[in-house]
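Numbering starts at 1 and runs along the sequence shown.
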Amino acid sequence: MGLAAALGLTPVVHANPQLWRIEETIEEQSAQQLTLVVQPDPGAMGDSAMVLTQVAVENYIRAHTVQAGLRRAVCKTERGREVLAAEIGRDRRVEPEVDGERAEMAVGPSLAETPPGVSLDPSAAARRSAPEAVKVALVLQAAEALIGTPLAWGADPAAGFCDPATFVAAVYRRALGYRLPATLDGLWESTGVSVPVWDMRPGDLVILDRGDLVGIYLGADEMAACDPAAGEVIRLHIGPESGLTARIADVRRLF
């Protein structure tokens with residue numbers, strides 16, 4: 001029996017979701033609108049690939065810098081047919097406010113309560129009641145199993161693709177039955193207990209920049225993340241010499 005089966009993890013199923021290719025982005029300040037020119041493309045890969053859903057648009061916009069004042073994103077074909085529209089979130093804060101009481105609670109013992117922004121799958125109760133070391137192993141195994149999964153905005157790893165937020169959500173769903181937001185906004189604004197960077201532990205969420213990228217800390221100055229620059233899930237070195245340490249905006253604990 002393989003380790004994934006022994007840990008009760010669902011194997012990755014590679015399917016073919018309906019992918020669209022992002023051909024061009026056009027910022028229209030006069031209309032306060034960002035237009036994404038898209039075309040159906042089953043072979044689309046990496047940062048230009050999208051499953052045409054609200055989640056995909058939200059995550060793409062969050063992870064890419066857009067000019068202030070843009071309020072709406074529209075996906076159109078090259079012929080001008082509108083296929084999807086979404087509001088652009090206004091929350092662009094640089095760093096979340098750390099809740100001192102929660103941070104103090106999180107340093108040392110595990111969290112005693114379900115963390116903010118999380119709902120629970122009752123069928124995974126046994127895994128959640130396991131010792132902390134076992135839960136860490138479950139989370140890290142689920143993350144490692146997805147290394148190399150290609151990026152497609154809005155896709156779930158069950159379809160063979162993921163983006164930064166759906167990767168994190170899938171890992172915690174498979175490992176502990178946690179239901180996390182599948183959007184970068186949701187993870188940034190409401191998920192987990194904020195803890196100091198110096199207390200970072202394996203399994204914690206690591207949020208970079210303005211919530212534009214989120215990953216799972218593996219230990220030894222590495223995190224797993226679906227990185228738009230790489231176009232897939234990779235291990236990122238986040239130690240002091242990497243240049244990424246200064247970009248850590250917050251660390252969130254979930255157990």
Side-chain angles (χ1 to χ4, degrees), residues 17 34 36 47 49-66 70-73 75 84-99 102-103 106 111 113-121 124 128 139 142-143 146 149 151-159 161-195 200 203-217 223-228 233 236 247-255:
L34 178 72
L36 304 179
D47 196 31
M50 174 182 285
V51 178
L52 208 60
T53 63
Q54 193 87 15
V55 166
V57 173
E58 288 181 22
N59 284 341
Y60 182 84
I61 296 303
R62 168 59 90 175
H64 294 77
T65 302
V66 299
L70 297 179
R71 294 292 176 253
R72 187 169 182 261
C75 295
L84 186 69
E87 297 299 313
I88 296 178
R90 291 174 170 78
D91 177 20
R92 295 289 165 179
R93 56 189 173 178
V94 174
E95 192 171 328
E97 183 176 331
V98 175
D99 184 318
R102 284 179 172 172
L111 303 183
E113 300 177 356
T114 304
V118 175
S119 61
L120 305 177
D121 178 355
R128 290 193 295 273
V139 171
L146 293 174
T149 302
L151 168 67
W153 295 100
D156 187 285
F161 301 84
C162 62
D163 70 25
T166 62
F167 162 69
V168 167
V171 167
Y172 263 90
R173 182 177 69 246
R174 295 175 182 187
L176 299 176
Y178 280 13
R179 296 178 179 133
L180 275 62
T183 65
L184 288 165
D185 276 322
L187 293 171
W188 171 252
E189 293 171 4
S190 63
T191 303
V193 170
S194 183
V195 297
M200 192 187 313
D204 287 345
L205 301 187
V206 182
I207 302 177
L208 302 185
D209 303 322
R210 295 168 171 81
D212 305 341
L213 180 63
V214 60
I216 295 172
Y217 186 56
M223 77 175 198
C226 187
D227 181 16
V233 179
L236 279 171
R247 292 174 54 192
I248 297 175
D250 205 13
V251 177
R252 307 282 179 84
R253 186 148 300 153
L254 297 178
F255 62 89

Are any non-hydrogen side-chain atoms of [X] and [Y] less than 4.5 angstrom apart?
X      : Y      : answer
Asn59  : Pro164 : no
Thr191 : Pro181 : yes
Gln54  : Glu58  : yes
Leu213 : Leu236 : yes
Ile248 : Val206 : yes
Leu146 : Arg174 : yes

Can you list everything that forms a side chain to side chain contact (heavy atoms under 4.5 Å, CB included) with [X]? Sequence neighbours excluded, please.
X      : answer
Ile207 : Trp188, Val214, Arg252
Asp156 : Ala158, Arg173
Arg72  : Gln33, Val74, Glu82, Ala85, Glu87
Ala49  : Ala44, Ala152

Restricting to non-hydrogen atoms, name the atom on [X] and the atom on [Y] that form the minimum distance, rounded to 0.1 Å.
X      : Y      : result
Val171 : Ala143 : CG2-CA, 3.7 Å
Phe167 : Val233 : CE1-CG1, 3.8 Å
Pro115 : Arg253 : CB-O, 4.1 Å
Val251 : Met200 : CG2-CE, 3.8 Å
Cys162 : Cys226 : O-SG, 3.5 Å
Ala225 : Gly215 : CB-CA, 3.9 Å

Go through the steps to decide whether Tyr172 and Val118 satisfy the test side chain to side chain contact (heavy atoms under 4.5 Å, CB included), and finish with yes or no. CA-CA 10 Å; Tyr172 263 90; Val118 175; over 6 Å; no
Can you measure from CD1 (Ile88) to CG (Leu34) and round to the nearest 0.5 angstrom?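 The distance works out to 5.5 Å.
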Spacing of CG belonging to Leu208 relative to CG belonging to Asp227, to within rounding of 0.5 Å: 9.0 Å
Do side-chain atoms of [X] reach the backbone of [Y] as a donor and acceptor pair under 3.5 angstrom?
X      : Y      : answer
Tyr178 : Leu254 : yes
Arg128 : Leu176 : yes
Asp47  : Pro228 : no

Stepwise, does the side chain to side chain contact (heavy atoms under 4.5 Å, CB included) test hold for Met223 with Ile216? CA-CA 5 Å; Met223 77 175 198; Ile216 295 172; 6.0 Å; no
Partner set under ring-ring contact (aromatic ring centres under 6.0 Å, His included) for Tyr60, not counting sequence neighbours: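 With neighbours one apart ignored, the set is His64, Trp153.
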List the steps and the verdict of side chain to side chain contact (heavy atoms under 4.5 Å, CB included) for Leu184 and Asp212. CA-CA 7 Å; Leu184 288 165; Asp212 305 341; 5.8 Å; no
